[in-house]
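The structure appears below as structure tokens.
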Amino acid sequence: MPQGTYHFPKGFLWGTATAAHQVEGNNTNNNWWKWERDGHTDGSAAVAADWWGGRWREDFDRAAEAGQNAHRLSVEWSRIQPTPDTWDEEALEKYRAMLRGLKERGLTPMVTLHHFTDPLWLGNYGSWETEAVVPLFEKFVRKTVDALKEYCSLWCTINEPTGYALNGYVTTGVDSFPPGKNNMKLAMQVHANLIRGHAASYRAIHLLQPEARVGIAHQYRPMMPYHTWSPLDRLLTNAFNTTVNSFALTLADGVMRSPLGSIKIPEAKGTQDYFGFNYYTREYVTFDLRHASTLFGRHFYRKDVELSDDGFLAMEPDGMYEGLKWVVRTFPNLPILVTENGVNSADDSMRPRYTVQHIHQMWRAVNFNWPIKGYFHWSLVDNFEWSFGWKYRFGLWGLDVDTQKRIKRPSADLYAEICKENGISSEMVQKYCPESFEKLFPS
Ligand code: BGC
């Protein structure tokens, strides 16, 4: 049986990612809390993983003991700025304590400044629908970065602007986000304002902290033509890719491409010091007369592919490699951070092979000297999965929401071995997911 180890470069960042609303609990002053109260979600975040109550300490201990050397978390705008004219210094002090807690445990902090939630008061200013939001967000960013910069120099301004705009302004199904509108034109306006907010913050952060590294966590969900020979499938795939994946190009040339035409945002050009890459799955596109509302294009997971709990994600590790290739070609020499990758697998049956096979694809990319600097698994502990509430479990550690007890999944040990080894060995694959052995170590 072949033996070996796929090693990563020295200093590679191995961590997990979380977001404030999903783990903190009691974020009562934001639009998601209201959305949950209005009955749009499967349950409420409630106390979540109780990080605001202090349980971040035990979870950071777990991460450190498991050999992780980085953690990506987000701060909650509505806590730091509870009204347009007030700052909550105690909230900032709590975040400072959390970041200090990471450093004391040997974990490099990465802070996301906006991860899907908005303060309720932002609604009075039109949320992200008008440009009025840009100076408001920038003001919040200045205050927060100034307060936290002693402990952090790696910033993500906005998590998945595309997810925020499409789920909130186009999607009408179970996975929709607040405000639950269905208006593509507005979605594109919102997207443009998120990019404007990012660009303004990029400059503001660099003025406060010249050594800062600032970027966006872009969602990348490749769309592939189902019949490669079909010009229609290929055409529709391009249209879907423009809707889902092309927004990152705005940071290359200052032009936001959208299905409704282009919007110039020249100030966005060159405003990222790394490319934040969130990858979960890939989809296929085909021409289908029954799908008039999406230009007769239907997108779906392949039939023969393994699906996660409830069919939420398809296991498509090659898509990760292809996505990284796209990033390297589009943004040559820009460092890349895999800011999210993971799977909902409550009984952990799928997570070990999902994790190993995706990290293996990332290794292939690293092996070409593509500048990938770190990987953040989603997520450290089960957390509130937006519209799906507690139904989908993404944690290396499970969470009993009622008792707050953490339950270690086998994947936590597997990921610990990967972090400590700085690579994937044949022994690990044999131990945690022997069914993937032949794929990674062919005889
Ligand atoms: C989001 C996370 C979410 C994860 C799993 C990502 O798109 O940034 O907040 O929990 O997907 O669905």
Side-chain angles (χ1 to χ4, degrees), residues 15-25 27 30-32 35-36 41-43 45 48-49 51 71-77 110-118 156-168 170-171 173-178 191 194 198 215-222 244-245 247-248 276-283 301 307-316 319-320 323 337-346 350-351 354-355 358 375-399 401 411:
T16 48
T18 53
H21 190 75
Q22 296 179 270
V23 291
E24 285 179 356
N27 266 314
N30 72 25
N31 58 337
W32 266 90
W35 186 247
E36 292 156 31
T41 56
D42 194 345
W51 279 22
H71 183 76
R72 172 179 171 229
L73 55 75
S74 83
V75 292
E76 170 63 32
W77 186 356
M110 174 175 198
V111 171
T112 305
L113 294 153
H114 185 276
H115 196 126
F116 294 161
T117 54
D118 295 317
C156 167
T157 54
I158 294 177
N159 179 70
E160 296 189 356
T162 310
Y164 180 97
L166 294 182
N167 288 61
V170 182
T171 307
V174 281
D175 50 347
S176 65
F177 284 12
H191 203 297
L194 286 159
H198 156 79
I216 283 181
H218 301 276
Q219 134 189 6
Y220 194 79
R221 193 171 175 114
V244 181
N245 296 314
F247 293 106
F277 180 79
N278 286 3
Y279 178 83
Y280 286 88
T281 194
R282 145 172 96 182
E283 289 186 64
Y301 293 145
L307 300 180
S308 68
D309 293 351
D310 213 23
F312 188 51
L313 297 168
M315 166 113 154
E316 296 273 10
M320 175 122 163
L337 287 169
V338 175
T339 32
E340 284 180 35
N341 171 244
V343 67
N344 58 319
S345 177
M350 183 171 173
R351 189 173 289 102
Y354 180 98
T355 305
H358 283 77
Y375 170 91
F376 294 84
H377 189 83
W378 187 275
S379 183
L380 179 55
V381 61
D382 282 345
N383 53 55
F384 181 71
E385 182 49 35
W386 307 114
S387 324
F388 302 103
W390 296 99
K391 201 164 97 179
Y392 294 168
R393 303 294 182 133
F394 276 89
L396 293 173
W397 272 265
L399 175 71
V401 187
S411 291

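We count ligands from 1, going down the list as the structure has it; atoms in each ligand are counted the same way.
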(request) Return yes if some donor-acceptor pair links the side-chain N/O of T281 with the main-chain N/O of L313 below 3.5 Å, else return no. (result) no
(message) Test your reading of the model: is there a side-chain donor-acceptor pair from T112 to the backbone of H114, 3.5 Å cut-off?
(response) no
(message) Determine whether the aromatic ring centres of residues F247 and H191 are separated by less than 6.0 angstrom.
(response) yes
(request) Can you tell me which residues line ligand 1 if we count any heavy atom under 4.0 angstrom from one of its atoms, in chain and number order? (result) Q22, H115, F116, N159, E160, Y280, F312, E340, W378, E385, W386, F394
(request) Output yes when a side-chain donor or acceptor of Y279 lies under 3.5 Å from a complementary backbone atom of P222, and no otherwise. (result) no
(message) Y220: which residues meet the ring-ring contact (aromatic ring centres under 6.0 Å, His included) condition with it, sequence neighbours left out?
(response) F277, W326
(message) Are W32 and F116, when compared by the centres of their aromatic rings, separated by less than 6.0 Å?
(response) no
